[in-house]
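Below is one structure, written out as structure tokens; comments come after it.
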Number of protein chains: 2
Amino acid sequence: MRKGVLEYCILSILSRREAYPSSIIDMLKQANMLVVEGTVYPLLIRQKNQGLLTYRWEESPQGPPRKYYMLTDKGRAQLAEMDVAWKEIIETINMLKNG
Amino acid sequence: MRKGVLEYCILSILSRREAYPSSIIDMLKQANMLVVEGTVYPLLIRQKNQGLLTYRWEESPQGPPRKYYMLTDKGRAQLAEMDVAWKEIIETINMLKNG
DNA sequence: TTTTAGTACCTTGTTGTGCAAAGTATAAAA
DNA sequence: TTTTATACTTTGCACAACAAGGTACTAAAA
């Protein structure tokens, strides 16, 4: 069931602060939202191509440079829509369960 | 985002009472969970093949006979697991949004 | 100076889900 | 007997998630 909400999770994470893919994966793992690189990298690229995200390179203290992603205005608008949609889904489930 | 929770929705509907596919689709539509036949029929067959559902034929007052689906014990157990998983997903989203 | 270890980003091929569209079948009304 | 309404089913496509493997940069160890 977690599958469908991944896009929402990533926008939510980036709404708090910019982050690079490896750290996003770590955050999702810590939140019990297990995912793998092969899922997250293409998803970030898709969201960037939709104009929801943008990024900048930054040198790392150790290792190769990091690609810091952040929300665009369009991404913030999309997140606001998804906040509404998410509440509706929760309502819907409650309705189906309780009548 | 609705996509991933369809299986859960159907088990939830059938936990209240048995139902035939056309009426399940109507219930989902009324709950703003828009779906189409080409999604629901294969899903019901999948859940039946997994042993989560069973069905019986019943004559309709008008039109062709209806295929009434109902939960098996295994289906009820699966639903209980999904109830837990669903709560966890809601918690996870909250955590990602608020830290 | 070459190799290894650690970190980070990316791609390819497979699988399964959701959907549009078309198809089959029953029953009753026109 | 054709149409209308209801109901179940199948086919082919598109795309998302994943496993697995690949590329590349940096620093420390050999």
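None of these values were measured; they are calculated from a predicted model. Here is the naming used below: chain letters follow the sequence lines, and residue numbers restart at 1 for every chain.
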ask   = With B/R56, which residues qualify under side chain to side chain donor-acceptor pair (under 3.5 Å), at least two apart?
value = B/E18, B/E58

query = Stepwise, does the side chain to side chain contact (heavy atoms under 4.5 Å, CB included) test hold for A/N94 with A/E91?
reply = CA-CA 5 Å; A/N94 282 336; A/E91 280 251 335; 5.7 Å; no

message = Within this structure, what is the CE-CG distance for the pair A/M82 and A/L52, rounded to the nearest 0.5 Å?
response = 8.5 Å

Find the distance [X]:[atom1] to [N]:[atom2] and express it as a whole number of Å.
{"X": "B/E58", "N": "D/dT6", "atom1": "CD", "atom2": "P", "result": "18 Å"}
{"X": "B/N49", "N": "D/dT9", "atom1": "CG", "atom2": "C1'", "result": "14 Å"}
{"X": "B/L44", "N": "D/dT10", "atom1": "CG", "atom2": "P", "result": "13 Å"}

Determine the minimum heavy-atom distance between [X] and [Y], stating which atoms define it.
{"X": "B/L96", "Y": "A/R16", "value": "O-CD, 3.0 Å"}
{"X": "A/S12", "Y": "A/L79", "value": "OG-CD1, 3.8 Å"}
{"X": "B/M33", "Y": "B/V5", "value": "CE-CG2, 4.3 Å"}
{"X": "B/Q50", "Y": "B/K74", "value": "O-NZ, 3.0 Å"}

message = Five pairs per end, C1' atoms only: what is the angle between the end axes of the helix from C/dT1-D/dA30 to C/dA30-D/dT1, to 10 degrees?
response = 30°

ask   = 5' to 3' on DNA chain C, which nucleotides open and close the contacts with chain B (atom under 4.0 Å from a heavy atom)?
value = C/dT17 to C/dA27

request  = Give, ordered by number, those residues of residues 63-72 of chain B having at least one heavy-atom distance below 4.0 Å to an atom of DNA chain C; if nothing qualifies, reply none.
outcome  = B/G63, B/P64

ask   = Should B/Y41 be listed as having a side-chain N or O under 4.0 Å from OP1 or OP2 of D/dC8?
value = yes

Donor-acceptor pair, distance only, cut-off 3.5 Å: does the side chain of [X] make one with the backbone of [Y]?
{"X": "B/S60", "Y": "B/P65", "result": "no"}
{"X": "A/T92", "Y": "B/A31", "result": "yes"}
{"X": "B/T72", "Y": "B/G51", "result": "yes"}

Please write out each protein N/O paired with an N/O of nucleotides 15-23 of chain D under 3.5 Å, distance rounded to 0.1 Å.
{"unit_1": "D/dA16", "atom_1": "O5'", "unit_2": "A/R46", "atom_2": "NH1", "d": "3.4"}
{"unit_1": "D/dA17", "atom_1": "OP1", "unit_2": "A/K3", "atom_2": "O", "d": "2.7"}
{"unit_1": "D/dC18", "atom_1": "OP2", "unit_2": "A/T39", "atom_2": "OG1", "d": "2.7"}

request  = Would you please name every residue forming a ring-ring contact (aromatic ring centres under 6.0 Å, His included) with B/Y69, sequence neighbours left out?
outcome  = B/Y55

ask   = Would you call A/D26 and A/K29 a salt bridge, taking side-chain N to carboxylate O under 4.0 Å as the test?
value = no

key: Pairwise side-chain contact, A/K97 with B/Y8, heavy-atom cut-off 4.5 Å (strictly under)   = yes

